[in-house]
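Computed from a prediction, not measured in an experiment: that's the story for all the values here.
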Amino acid sequence: MDEPSSNPLRRQLAGGIVPEEVVARTEKRWLVVMAAMLTVMMAIIVTTGIVSALHPASNVEIIEPQTLHLRGEFVESNLGTAVEPDGSVTVRIIAEQYDFVPLCIRVPAGAPVKFRLTSADVVHGFLLPNTNVNTMVVPGFVAEVRTSFTAPGEYAMPCNEFCGVGHHAMLAHVSVVPKEQFAKLTRVERTSCAPQ
Ligand code: CUA
């Protein structure tokens, strides 16, 4: 620890003024520290973007939140997992205070999965831990994220954007089943694993 008198910023000068060169030197030091922090943070963003395929959602698609249940892509009968002709799956989910609909999603392992989500009320968050899936779900917009699950397993799907008093309890599940097993399921069983 320096003696107080050896600290130039504390040294008593006439009028209590710190010499200009001391201020300039200190500011320059902090500038270097800030530049180093920015460089490190940029490097982390770029590295995780490349290595883990993390990227900001770039889908801009608008939708009328008041009529979600009446017409269009997000009517109740169209929610859950749908199998496309090429073997990939599309999962459609509505986020609302304080549930995801459906509450449990079933998808095959090893196939491309496209999640399409929208909100019926306020901003929610959609996060699948240990995957590249993490997006905000904003009313009036459709959020689209793509991923694929390498191994079967159960994923928790918490809402990760504060959306009101019930936010902490807003949790759904993704059940990833082996491809062969998924193919044997009935249409209803594929669509959702939420209790009917
Ligand atoms: Cu929905 Cu927090």
Side-chain angles (χ1 to χ4, degrees), residues 53-150 152-177 179 181-183 185-196:
L54 295 177
H55 48 79
S58 54
N59 187 48
V60 179
E61 220 181 305
I62 55 169
I63 192 163
E64 195 75 50
Q66 291 88 348
T67 56
L68 289 181
H69 58 299
L70 297 177
R71 56 177 173 267
E73 188 184 342
F74 290 89
V75 291
E76 196 176 352
S77 58
N78 209 31
L79 297 178
T81 305
V83 182
E84 306 294 348
D86 65 356
S88 69
V89 300
T90 304
V91 183
R92 294 184 179 86
I93 302 170
I94 291 181
E96 57 185 29
Q97 286 168 319
Y98 299 98
D99 267 325
F100 288 101
V101 185
L103 252 184
C104 183
I105 312 295
R106 192 172 271 141
V107 294
V113 179
K114 182 165 76 183
F115 286 98
R116 287 176 59 77
L117 300 101
T118 191
S119 166
D121 37 46
V122 299
V123 177
H124 299 274
F126 178 65
L127 170 79
L128 292 178
N130 305 319
T131 72
N132 62 336
V133 175
N134 185 356
T135 184
M136 283 167 86
V137 185
V138 182
F141 294 89
V142 177
E144 184 176 301
V145 275
R146 291 153 195 260
T147 191
S148 72
F149 300 90
T150 47
E154 301 294 320
Y155 286 79
M157 202 169 90
C159 175
N160 71 330
E161 195 74 40
F162 182 75
C163 53
V165 289
H167 160 74
H168 65 281
M170 189 165 167
L171 176 77
H173 295 92
V174 176
S175 170
V176 183
V177 298
K179 227 175 184 173
Q181 190 187 325
F182 187 82
L185 298 173
T186 65
R187 203 188 149 272
V188 173
E189 286 170 330
R190 285 180 195 176
T191 304
S192 161
C193 43
Q196 299 293 316

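Looking at every heavy atom in both residues, P102 comes nearest to S192 through CB-OG, 3.6 Å. Between A111 and K179 the shortest heavy-atom distance is CB-CE, 4.1 Å. Residues L127 and P158 come closest through the heavy atom pair O-CD, 3.4 Å. Pairing each heavy atom of A120 with each of L68, the nearest pair is CA-CD1, 3.9 Å. Residues L128 and A156 approach most closely at CD2-O, 3.9 Å, considering heavy atoms.
For R116, the salt bridge (charged side-chain N to carboxylate O under 4.0 Å, His left out) test picks out E61, E73, E144, with sequence neighbours left out. The ring pair (Phe, Tyr, Trp, His ring centres under 6.0 Å) check on Y98 picks up nothing, with sequence neighbours excluded. Partners of N78 under the side chain to side chain donor-acceptor pair (under 3.5 Å) rule, at least two apart in sequence or in another chain, do not exist in this structure. Not counting sequence neighbours, the partners of T147 by the side chain to side chain donor-acceptor pair (under 3.5 Å) test are N132. When the side-chain contact (heavy atoms from CB on, under 4.5 Å) test is applied to T186, the partners found at least two apart in sequence or on another chain are V188, E189. Take Q97 and apply the side chain to side chain donor-acceptor pair (under 3.5 Å) test, not counting sequence neighbours, and it matches no residue. Among residues two or more places apart in sequence or in another chain, the ring pair (Phe, Tyr, Trp, His ring centres under 6.0 Å) test is passed with Y155 by F149. Every residue was checked against the side chain to side chain donor-acceptor pair (under 3.5 Å) condition with S77, not counting sequence neighbours, and none meets it.
Around the CD1 atom of I62, the shell of radius 6.0 Å holds no more than 12 heavy atoms that belong to other residues, nucleotides or ligands. The neighbour count for E76 CD, taken as heavy atoms of other residues, nucleotides or ligands under 6.0 Å away, does not exceed 12.
Interatomic distance, NZ of K114 versus OG of S148, reported as 14.5 Å (0.5 Å rounding). We find the CD1-CG distance between I94 and L79 to be 5.0 Å, quoted to the nearest 0.5 Å. The distance from atom CD1 of I93 to atom CD1 of I105, rounded to the nearest 0.5 Å, is 4.0 Å.
A donor-acceptor pair under 3.5 Å links the side-chain atoms of T81 to the main chain of R106, judged by distance alone. In this structure, R190 contributes its side chain and A82 its backbone to no donor-acceptor pair below 3.5 Å.
Residue pairs meeting the disulfide (SG to SG under 2.5 Å) criterion with at least one partner in residues 107-143, sequence neighbours excluded, are absent. Within the structure, every pair that satisfies the ring pair (Phe, Tyr, Trp, His ring centres under 6.0 Å) test and touches residues 121-147, not counting sequence neighbours, is listed here: F115-F126. Residue pairs meeting the side chain to side chain donor-acceptor pair (under 3.5 Å) criterion with at least one member in residues 82-91, sequence neighbours excluded, are E84-T90, D86-S88.
Using a 4.5 Å heavy-atom threshold, the side chains of V83 and V89 count as touching. Within the 4.5 Å cutoff, no side-chain heavy atoms of T118 are placed close to those of P65. Using a 4.5 Å heavy-atom cutoff, the side chains of P139 and V123 are in contact.
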Show me the side-chain donor-acceptor pairs of residues 163-177 shorter than 3.5 Å, one per line, residues at least two apart or across chains.
residue : atom : partner : partner atom : Å
H167    : ND1  : E161    : O            : 3.0
H168    : ND1  : V165    : O            : 3.4
S175    : OG   : E154    : OE2          : 3.1

